Amino acid sequence: MRKKSLNSRLAQKILCSVLAASVLGITANFNVAEAADVEIITSTALTEDKTGGADDTITFKNAADTGVRGVVTASEGNDITISGYKVLNVYSQESPGTDAGDGLVSNGANLIVRDIDTVNIGSSEQVFQSGGQTIHGFKHTVSLENIGELNINTNGEAIMAQHTGLSDAPDKPSVSITTTKKNGSTGNVNITTHGSTSEGIMAASMNKNPGIAAVSIVAAGKVTITADGIGLSSFDEDATADTTGWQGAGKTNITITGADGVDITSNDMGIRVARTHKLNDSGLLIESANGDVNISGKTYGIYLAVSSNLDKAEGLENGITGKIVGNNVNITASKNNAIEILNNGNLTVASNVENGNIVLDSGNDVAIKVTGADSTLNLGSEDINNNITVNGAVQADKSGTVNLSGTATESSTGKYSATGNGNINFNKGSWTVNDWSGEDGNMSVGTGAQVTLNDNHITVKGPKGTLERDVHNNIS
């Protein structure tokens with residue numbers, strides 16, 4: 001009984017200290033392992049680790065006059081770890097500070113959040129305020145490890161990765177998230193953003209620091225991103241000194257793996273990867289071992305673009321390299337093309353199960369457009385059969401290449417156009433061409449493919465003239 005009484009007094013003492021700190025606006029930096037539920041109001045960077053118990057909840061919220069970038073900030077070479085809690089909540093209130101507005105942020109030190117059942121950054125009742133990112137790998141890294149479920153609800157951007165500044169770990173992601181299904185958790189990652197400029201995930205080369213600007217999410221459950229802005233955005237910045245001053249030429253990468261599926265829904269572009277300043281490596285991987293991958297945007301489903309005639313940065317200059325794989329893959333755009341690739345982009349879209357479905361659905365007449373000598377779309381698996389539906393035309397222009405491997409469904413439009421030495425290659429499976437047109441374009445049919453020309457008016461234009469033919473019987 002004596003021991004219990006001492007523990008009770010200790011808990012009361014800690015609770016009083018926390019309440020006093022909250023009232024006075026003082027950052028509580030003591031270790032709170034002894035307290036069950038704690039709310040901490042922050043105005044400076046954390047200076048000590050926070051460790052809780054399996055039934056404990058810890059909540060952070062910034063002071064209105066905070067002097068640091070984020071609600072939870074690791075800075076000045078002082079790595080911070082928050083671990084062991086049942087629930088971690090991060091909420092925000094508006095601050096007049098020009099740099100304030102982030103949630104979890106690394107600002108010259110690493111921030112580690114690990115072994116927590118549920119992490120909430122904002123909620124439907126307390127939406128995170130705009131002005132920053134809920135998770136920001138600004139300088140060094142933010143890592144969420146062994147998390148049961150991550151929920152983000154914000155009026156601003158959800159996740160942003162900039163160059164880490166770590167020359168000794170050039171490929172370490174600025175933001176990394178891993179979830180688990182242990183202890184009955186879902187293993188899900190749920191991200192919701194509100195506002196036309198509020199993007200889901202950003203990998204941004206915006207400065208000249210070493211390291212990569214990269215986001216890695218490996219979820220034991222499902223990843224769901226619902227964004228009013230762009231769903232996923234990877235880019236470099238070509239600003240001038242008289243504008244924002246942000247300029248970067250480094251590598252970027254976004255990896256999202258959801259064992260039970262990946263859903264990305266945007267009121268803008270589903271996915272945008274762009275290089276506008278210097279040519280360098282920009283990677284993209286969206287993958288699900290056991291579930292579907294669904295990507296939906298209004299303007300584009302997937303848009304990969306490299307500005308023409310860019311100078312090359314140091315290192316490997318592969319341009320944009322992407323891969324999207326799931327049991328079934330659905331890519332839709334309500335206004336423009338489902339997929340567009342412009343210069344130095346290589347994208348593979350495939351199902352990882354036998355007879356899995358790939359569906360591309362466009363809001364206009366063109367579903368796929370690939371332009372530029374170093375641009376390639378590989379649609380379908382080379383190893384197993386994929387059933388492919390393309391609602392809209394397939395276009396290859398200016399030496400762009402589309403490789404098709406699979407079986408086209410009856411509902412596919414079957415309209416193809418190759419111009420300016422563009423290439424459409426039927427490498428494998430069964431395909432039907434209902435309309436073929438082009439000027440100086442190329443078609444090839446691989447030994448493992450069967451192509452049927454079905455009641456078509458075929459037009460091929462070349463340097464010596466134009467060939468037109470009405471095909472009234474199937475030719476295969």
Side-chain angles (χ1 to χ4, degrees), residues 270-271 295 297 299-305 322 324 329-343 345-351 357-382 385-446 448-461 471 475-476:
I271 296 175
I295 300 168
T299 54
Y300 291 94
I302 300 173
Y303 182 80
L304 312 182
I324 298 173
V329 178
N330 302 288
I331 302 171
T332 64
S334 58
K335 291 185 178 180
N336 292 318
N337 310 338
I339 297 176
E340 179 152 340
I341 304 174
L342 175 63
N343 301 326
N346 188 307
L347 178 66
T348 296
V349 179
S351 168
N357 297 308
I358 301 172
V359 178
L360 306 185
D361 203 349
S362 173
N364 63 13
D365 292 336
V366 178
I368 296 170
K369 185 174 183 180
V370 179
T371 304
D374 295 312
S375 293
T376 302
L377 171 65
N378 304 303
L379 188 62
S381 171
E382 295 182 356
N385 183 63
N386 290 172
N387 298 316
I388 300 175
T389 302
V390 180
N391 293 319
V394 177
Q395 294 184 351
D397 187 26
K398 297 179 181 178
S399 300
T401 298
V402 178
N403 295 315
L404 302 169
S405 300
T407 299
T409 66
E410 292 183 359
S411 58
S412 288
T413 303
K415 185 175 182 179
Y416 301 89
S417 174
T419 60
N421 207 34
N423 306 285
I424 296 178
N425 304 320
F426 300 92
N427 293 336
K428 175 187 171 184
S430 300
W431 299 86
T432 298
V433 176
N434 294 320
D435 187 279
W436 175 273
S437 63
E439 184 174 352
D440 299 327
N442 306 296
M443 175 204 288
S444 72
V445 180
Q450 178 178 347
V451 177
T452 299
L453 305 179
N454 186 28
D455 290 328
N456 295 289
H457 180 79
I458 304 298
T459 303
V460 180
K461 296 181 180 180
V471 180
I475 298 178
S476 59

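Heavy-atom basis, side chains included; hydrogens, waters and symmetry copies ignored. Keep in mind it's a predicted model, so treat the numbers as computed, not measured. For reference, positions follow the sequence shown, starting with 1.
The heavy-atom pair separating G392 from T413 by the smallest distance is N-OG1, 2.8 Å. Listed here is the closest heavy atom pair of S381 and K428: O-NZ, 3.6 Å. Across all non-hydrogen atoms, the minimal contact from G400 to A396 is O-CB, 3.5 Å. Scanning all heavy atoms of the two residues, the minimum distance from V329 to A350 falls at CG2-O, 3.5 Å. Taking each heavy atom of G301 and A333 in turn, the nearest pair found is N-CB, 3.4 Å. Of all the heavy atoms in T419 and G438, the pair that sits closest is CG2-CA, 3.7 Å.
Atoms CG and CG, on N364 and N337 in that order, are 5.0 Å from each other to the nearest 0.5 Å. Note: K369 NZ to L342 CG = 8.5 Å, rounded to the nearest 0.5 Å. With values rounded to the nearest 0.5 angstrom, K415 atom NZ is found 14.0 Å from I368 atom CD1. To the nearest 0.5 angstrom, S362 atom OG is 8.5 Å from N391 atom CG. Annotation: the span from I295 atom CD1 to I302 atom CD1 amounts to 4.0 Å, rounded to 0.5 Å. Separating the CG atom in D374 from the CD1 atom in I341 is a distance of 12.0 Å, to the nearest 0.5 Å.
Of the residues I324, L379, T376, the one that meets the side chain to side chain contact (heavy atoms under 4.5 Å, CB included) test with L347 is I324. The side chain to side chain contact (heavy atoms under 4.5 Å, CB included) with Y416 is formed by just one residue from the set V402, L404, D435; it is L404. Between T409 and the choices I358, N357, T389, V390, the side chain to side chain contact (heavy atoms under 4.5 Å, CB included) rule is met once, by T389.
With no hydrogens or angles considered, a side-chain donor-acceptor pair links N421 and N442 at under 3.5 Å. No side-chain donor-acceptor contact under 3.5 Å links T332 and D361. Under the 3.5 Å distance criterion, with hydrogens and angles disregarded, a donor-acceptor pair is assigned to the side chains of T407 and N385. A donor-acceptor contact closer than 3.5 angstrom links the side chains of N425 and S444.
Put simply, the side chain of N386 gets close to the backbone of S351: a donor and an acceptor are under 3.5 Å apart. When atom types are taken as modelled, the side chain of W431 and the backbone of G406 share a donor-acceptor pair closer than 3.5 angstrom. Under a 3.5 Å cut-off, the side chain of S417 and the backbone N or O of A393 do not form any donor-acceptor pair.
Contact of the F426 side chain with the V433 side chain is registered, since non-hydrogen atoms from C-beta on lie closer than 4.5 Å.
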